[in-house]
K.L.:
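My questions all concern the structure below.
Reckoned from all heavy atoms, side chains included, excluding hydrogens, waters and symmetry mates. Letters A, B, ... are given to chains in the order of the sequence lines, protein chains preceding strands, and every chain is numbered from 1. Keep in mind it's a predicted model, so treat the numbers as computed, not measured.
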Amino acid sequence: MAQDQFDLLMSLALDDQLDADEQALLRTQIAESAEFSRAWDRMQTIDGMLSNQREVAPAVDFTAQVMARIEAYEERLQWTPWLSALIGGTIVATLVSFLTPWLLLTGLLQPVLARVPVLGVLLAQVMQIFDTATFLATLFVRVVTNWVTFIVTDPTALGVIVGALVVASTWIGLREAYKLTASLEASTSTP
Amino acid sequence: MTATDQELVARVLEGEQQVFAELVDRYQRSVFNVTYRMLGEARAAEDAAQEAFLRAYQHLSRYDMNRSFKTWLLSIASNYCIDQLRKRRLTWLSLDEPLPPHPALNSSEVGPEKAAVLNEREQAVQDLINTLPPDYKAAVVLKYWYDMPYAQIAEALDTTESAIKSRLFRARQMLAEQARMGGVPSLIPILEGA
């Protein structure tokens, strides 16, 4: 009998998958060949070792860790639709802001606007809103930039701001200390 | 009366997220043992077991209530480990590197001397299992640690019974060959003593 065939017979024997004839064949082979007999012993030893492995235990806080992961996943899940909407909205807005002027300049949009005048009014409104938003954003950035530049370049202004911050933080600290003293006095005077 | 797995799953699906903790408590040992035997390292095994539970939670709506929840869970865990082992093979060092025994193996109730012998034996077996390809390893782990019949292993690993029969046969052949050739040095004294 070939080694491969004998190996298969041994494997099936370990899983109780042999019929009576096959079991007899296996016994004969083991009895007749010293090599097969050694292989069978070795296989049984390995099988025994694998079967008698002890169970290992996970960390004591395993369940808590799994539930923490689930919690984090649920939180992510809550944000996903909003993030998707934000990303999708940004992509659409970008496409519209790039495509609309191009379509107007190339004249591709004119036939559509002629057929649906409401679309033209709507487009004009959107462009106006976009224009206002751009203006406000630019204004905000410019004011912040000018303010920072002024503070950094003018030592007097910087001194005034730092002084104001010191005075404000001192005043807050004193107020909190006064509150704490008052509450301590109240708790000690209570019988 | 203890609720069945299916009842607990139904409650989780209805929105009672915390009920899932009961399922984790019930099967943490089984899942951890699969991942530990598959990956051979406690930290990676713990992470893989947690990931398996998370994946089970994420895909709970796909769970077929007619199937065993444990088999479904173990199939997620073993398939995750197979993926991890394949990635490791691509990017990593040799799997023959000796692995530290799991702390839980040291904390057994047997005496220190016997525990050391048992740890040595456990280590030898783990070294031996580590020589197998991931698919074979999964079949061996499910067969020996869970005493699963061919059909259940096939269900867990999403394959056929004959494929499992063949994997177990090839795995045993490889293990015997490793033992015969002395491929796992820590196994030699154990086999000689047998």
Side-chain angles (χ1 to χ4, degrees), chain A residues 1-19 22 26 29-30 33-78 80, chain B residues 17-18 20-22 24-25 28-33 35-37 42 45-47 49-54 57-58 101-105 107-108 118 121-122 124-126 128-129 140-141 143-145 147 149-150 165-166 168-173 175-180 187 190-191 193-194:
Chain A
M1 182 186 260
Q3 181 71 47
D4 226 34
Q5 212 180 335
F6 181 71
D7 287 345
L8 179 60
L9 216 54
M10 284 197 296
S11 182
L12 293 173
L14 293 172
D15 295 336
D16 289 325
Q17 297 286 314
L18 296 184
D19 58 31
E22 289 167 326
L26 179 70
Q29 293 295 324
I30 292 167
S33 160
E35 200 185 324
F36 282 169
S37 173
R38 271 198 303 275
W40 175 239
D41 287 345
R42 202 178 301 123
M43 191 64 98
Q44 277 187 308
T45 308
I46 290 169
D47 187 65
M49 284 171 66
L50 291 171
S51 306
N52 295 318
Q53 287 291 289
R54 282 182 298 167
E55 206 182 37
V56 286
V60 281
D61 62 342
F62 183 86
T63 305
Q65 284 186 39
V66 172
M67 293 315 286
R69 274 195 185 197
I70 288 173
E71 198 77 44
Y73 164 74
E74 285 289 347
E75 265 175 39
R76 274 201 311 273
L77 215 59
Q78 280 178 349
T80 309
Chain B
Q17 186 190 313
Q18 284 309 312
F20 194 75
E22 213 168 310
V24 178
D25 274 338
Q28 53 170 302
R29 266 179 176 263
S30 305
V31 172
F32 180 68
N33 272 271
T35 57
Y36 180 67
R37 298 301 167 191
E46 193 129 333
D47 190 59
Q50 286 180 15
E51 186 61 32
F53 276 111
L54 179 64
Y57 178 83
Q58 287 169 338
H102 187 265
L105 295 177
S107 61
S108 59
L118 280 171
R121 213 181 161 88
E122 295 275 355
V125 175
Q126 193 61 55
L128 194 65
I129 295 170
V140 166
V141 168
K143 169 76 198 156
Y144 282 99
W145 275 271
D147 208 19
Y150 289 161
K165 210 181 279 188
S166 161
L168 282 171
F169 155 57
R170 295 279 170 220
R172 282 171 174 143
Q173 214 174 21
L175 293 175
E177 189 60 14
Q178 283 288 341
R180 196 176 67 83
L187 196 69
I190 296 165
L191 284 173

K.L.:
Hey, is Lys143(B) close enough to Asp47(A) for a salt bridge, meaning N to O under 4.0 Å?
P.N.:
no

K.L.:
For Glu46(B) and Phe62(A), work out which heavy atoms get closest and say how close.
P.N.:
O-CE1, 3.9 Å

K.L.:
Search all heavy atoms of Phe32(B) against all heavy atoms of Ala57(A) and return the closest pair with its distance.
P.N.:
CE2-O, 3.4 Å

K.L.:
Heavy-atom cut-off 4.5 Å, strictly under: side chain, backbone, both or neither for Asp41(A) against chain B?
P.N.:
neither

K.L.:
Output, in order, the C-alpha distance, side-chain angles, deciding distance and verdict of side-chain contact (heavy atoms from CB on, under 4.5 Å) for Val56(A) and Arg37(B).
P.N.:
CA-CA 9 Å; Val56(A) 286; Arg37(B) 298 301 167 191; 3.9 Å; yes

K.L.:
Report which part of Ala49(B) has an atom under 4.5 Å of a heavy atom belonging to chain A: side chain, backbone, both, or neither.
P.N.:
both

K.L.:
Report which part of Val140(B) has an atom under 4.5 Å of a heavy atom belonging to chain A: side chain, backbone, both, or neither.
P.N.:
side chain

K.L.:
Does any backbone or side-chain atom of Tyr57(B) lie under 4.5 Å from a heavy atom of chain A? Answer side chain, backbone, both or neither.
P.N.:
side chain

K.L.:
If I compare all heavy atoms of Leu12(A) with all of Tyr150(B), which pair ends up nearest, and what's the gap?
P.N.:
CD2-OH, 3.9 Å

K.L.:
Nearest 0.5 Å, please: how far is CD1 in Ile70(A) from CD in Gln17(B)?
P.N.:
6.5 Å

K.L.:
Report yes or no: do Gln28(B) and Thr63(A) form a side-chain donor-acceptor pair below 3.5 Å?
P.N.:
yes

K.L.:
When only pairs under 4.5 Å are counted, which of Asn52(A), Leu77(A), Asp15(A), Asp4(A) shares the most heavy-atom pairs with chain B?
P.N.:
Asp15(A)

K.L.:
Considering all heavy atoms of both residues, which atom of Leu175(B) and which atom of Ile46(A) are nearest to each other, and what is their separation?
P.N.:
O-CD1, 3.7 Å

K.L.:
Quick one: what part of Glu71(A) sits under 4.5 Å from any heavy atom of chain B, side chain, backbone, both or neither?
P.N.:
both

K.L.:
I need the Glu177(B) CD to Arg42(A) CZ distance, nearest 0.5 Å.
P.N.:
8.5 Å

K.L.:
If you measure from CG on Asp47(B) to CZ on Arg69(A), what distance do you get to the nearest 0.5 Å?
P.N.:
4.5 Å

K.L.:
Atom CE of Met67(A) and atom CZ of Phe53(B): how far apart are they, to the nearest 0.5 Å?
P.N.:
11.0 Å

K.L.:
Nearest 0.5 angstrom please: Glu55(A) CD to Arg29(B) CZ, how far?
P.N.:
4.5 Å

